[in-house]
Amino acid sequence: MRKPIFAFLLAASLALAPVTARSGMDWITGLPRQNIPVASWPGGKKVAVAFVLYVEVWGHGHGPNFRPDMTGRTPDLVDEGFRQYAINFGLPRTGRLFKEMGVPLSLALNAEFPLAEPETWQALRALVPTAPIIAHGLNNSTDLLPLSEGPAAQRAYIRKTLDMIEASTGVRSIGWSSPSVYPNAETFQATAAEGIRYTLDGMDSDVLSRLDTKPVPLVLVPYPPSVVDMGQYLSRFKEADDLERLWIDYVRELAREAAADPKRPATVVAIGIHPFVVGTPGGAAALRRVLQSLKADDLVWLTDVEAILRAAGQSL
């Protein structure tokens, strides 16, 4: 009796599992979605890896807490210091690391950051002057997407974000990452309508895909939640050396799969990093070892998000 039941469950799981990974209807938006076939990346690489540094405004009394048991204190010097250290020292340290290692970096930028922290922004931008700027909303705590107000309100919010980033950086962003990782089904269409060409809000794939939004399709860049440092650090209590092992294992397993089956499509992973984690001396040391390890892998391409899209033949 157990064998028929097991066979039924296996068949059901195989039928359901590929829904989000293959061409068909997108499970969030209900729109048509197609995988973008890529045989290999430049130089015959099979795994494209883009590190995305989150440059965010939280504001006094808001943001990640290093010691939740102290949040009732006034002032909460420990948690405010944790957040301010990430801005003053974590962001420049991370920029220096990528410059020293000669590895491309992408920036996810809250529109309010260059005005709130002009010296830090200028120092970071000088270190990585060609890093693509991905729009990341206005801030990450008090002014998120107006999800309950309908698509017109979302479009207005997105437009304001893009306008503010362009005014302070000279760059009109074509990429989007929703602040606090909090979009809804309407966000995808709203971003495309405001000129966004790719988003990091797609978190369910190993390969690039194209969502049939209007007036132009929106490319979903794989951004798996399991590799984002801040969630692992603050919610799952992982240290920098845990993340080092996680990132190396994640990417090298993709490379191993590609070596075992060269006909497999080339894969992509965008890895979200935050100055609270990788911007500390210990975090930077762990990330340096990750970059050294991945640079030595013949099948791994360390790059930025927009170089991935160009290599996949997507016009920007």
Side-chain angles (χ1 to χ4, degrees), residues 17-29 31-42 45-54 103-108 131-132 134-136 173-178 181-183 185 187-188 191-192 196-213 217-232 243 246-258 261 264-274 290 294 297 299-314 316:
V19 167
T20 59
R22 68 185 179 194
S23 299
M25 300 300 289
D26 178 63
W27 67 277
I28 300 174
T29 63
L31 295 172
R33 172 175 165 181
Q34 305 84 33
N35 289 345
I36 299 173
V38 177
S40 63
W41 301 113
K45 309 289 187 179
K46 294 292 288 189
V47 186
V49 181
F51 283 91
V52 181
L53 176 63
Y54 278 77
V103 174
L105 181 63
S106 305
L107 302 176
I134 303 162
H136 188 44
S173 295
I174 58 171
W176 182 263
S177 175
S178 290
V181 206
Y182 196 21
T187 306
F188 296 84
T191 50
I196 295 296
R197 303 302 304 275
Y198 66 92
T199 181
L200 301 186
D201 289 348
M203 310 181 81
D204 60 1
S205 181
D206 286 335
V207 297
L208 292 177
S209 57
R210 185 185 301 105
L211 191 63
D212 189 17
T213 49
L218 187 67
V219 176
L220 307 182
V221 177
Y223 182 72
S226 58
V227 298
V228 180
D229 63 349
M230 198 161 74
Q232 292 284 352
L243 291 166
L246 167 67
W247 289 335
I248 290 174
D249 286 351
Y250 194 101
V251 175
R252 285 200 163 164
E253 184 63 15
L254 289 173
R256 186 203 64 78
E257 291 175 351
D261 182 4
R264 290 175 67 93
T267 54
V268 181
V269 56
I271 298 177
I273 55 176
H274 295 74
V290 171
L294 298 183
D297 194 309
L299 292 180
V300 175
W301 180 34
L302 291 173
T303 186
D304 65 61
V305 287
E306 294 186 5
I308 291 171
L309 298 190
R310 287 192 293 270
Q314 304 303 296
L316 301 180

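All values reported here derive from a predicted model rather than from experimental measurement.
Aromatic ring pairs are classed by plane angle as parallel below 30°, tilted from 30° to 60° and perpendicular above 60°; the pair Phe51 and Trp247 is perpendicular. Taking the six-membered ring where tryptophan is involved, the planes of Trp41 and Trp301 are tilted, since the angle between them lies from 30° to 60°.
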Can you list, pair by pair, the side-chain donor-acceptor contacts under 3.5 Å of residues 306-313, counting residues two or more places apart and other chains?
residue	atom	partner	partner atom	Å
Glu306	OE2	Tyr198	OH	2.8

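If you check the side chains of Ser226 and Tyr250, you find no donor sitting under 3.5 Å from an acceptor.
Applying the side chain to side chain donor-acceptor pair (under 3.5 Å) rule to Ser209 yields the partners Arg33; only residues at least two apart in sequence or on another chain are considered.
Listed here is the closest heavy atom pair of Leu31 and Asp212: CD1-O, 3.9 Å. Among all heavy-atom pairs drawn from Val207 and Pro265, the shortest one is CG1-CB, 4.4 Å. The shortest non-hydrogen separation linking Val300 to Val251 is CG2-CG1, 3.6 Å. Considering every non-hydrogen atom in both Val227 and Ala270, the closest pair reads CG2-O, 4.2 Å. The shortest heavy-atom contact between Lys46 and Arg264 is NZ-O, 2.7 Å. Shown here for Thr213 and Phe188, the closest heavy-atom pair between the two residues is CG2-O, 3.9 Å.
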Derivation of the side-chain hydrogen bond (donor to acceptor under 3.5 Å, both in side chains) call for Tyr54 and Ser177:
CA-CA 10 Å; Tyr54 278 77; Ser177 175; 2.9 Å; yes
Go through the steps to decide whether Thr187 and Ser178 satisfy the test side-chain contact (heavy atoms from CB on, under 4.5 Å), and finish with yes or no.
CA-CA 8 Å; Thr187 306; Ser178 290; 3.8 Å; yes
For side-chain contact (heavy atoms from CB on, under 4.5 Å), just list the numbers for Met203 and Val181, CA-CA rounded to whole Å, side-chain angles, deciding distance to a tenth of an Å, and then say yes or no.
CA-CA 10 Å; Met203 310 181 81; Val181 206; 3.8 Å; yes
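For the side-chain contact (heavy atoms from CB on, under 4.5 Å) test with Val103, the passing option among Leu302, Val49, Thr303 is Leu302; the others fail. The only member of Leu53, Val228, Val52 that meets side-chain contact (heavy atoms from CB on, under 4.5 Å) when paired with His274 is Val228. In summary, of the residues considered (Leu107, Thr199, Leu200), a side-chain contact (heavy atoms from CB on, under 4.5 Å) with Ile134 occurs for Leu200 alone.
In this structure, Asn35 contributes its side chain and Pro37 its backbone to no donor-acceptor pair below 3.5 Å.
The shortest distance between side-chain heavy atoms of Pro222 and Asp206 does not fall below 4.5 Å.
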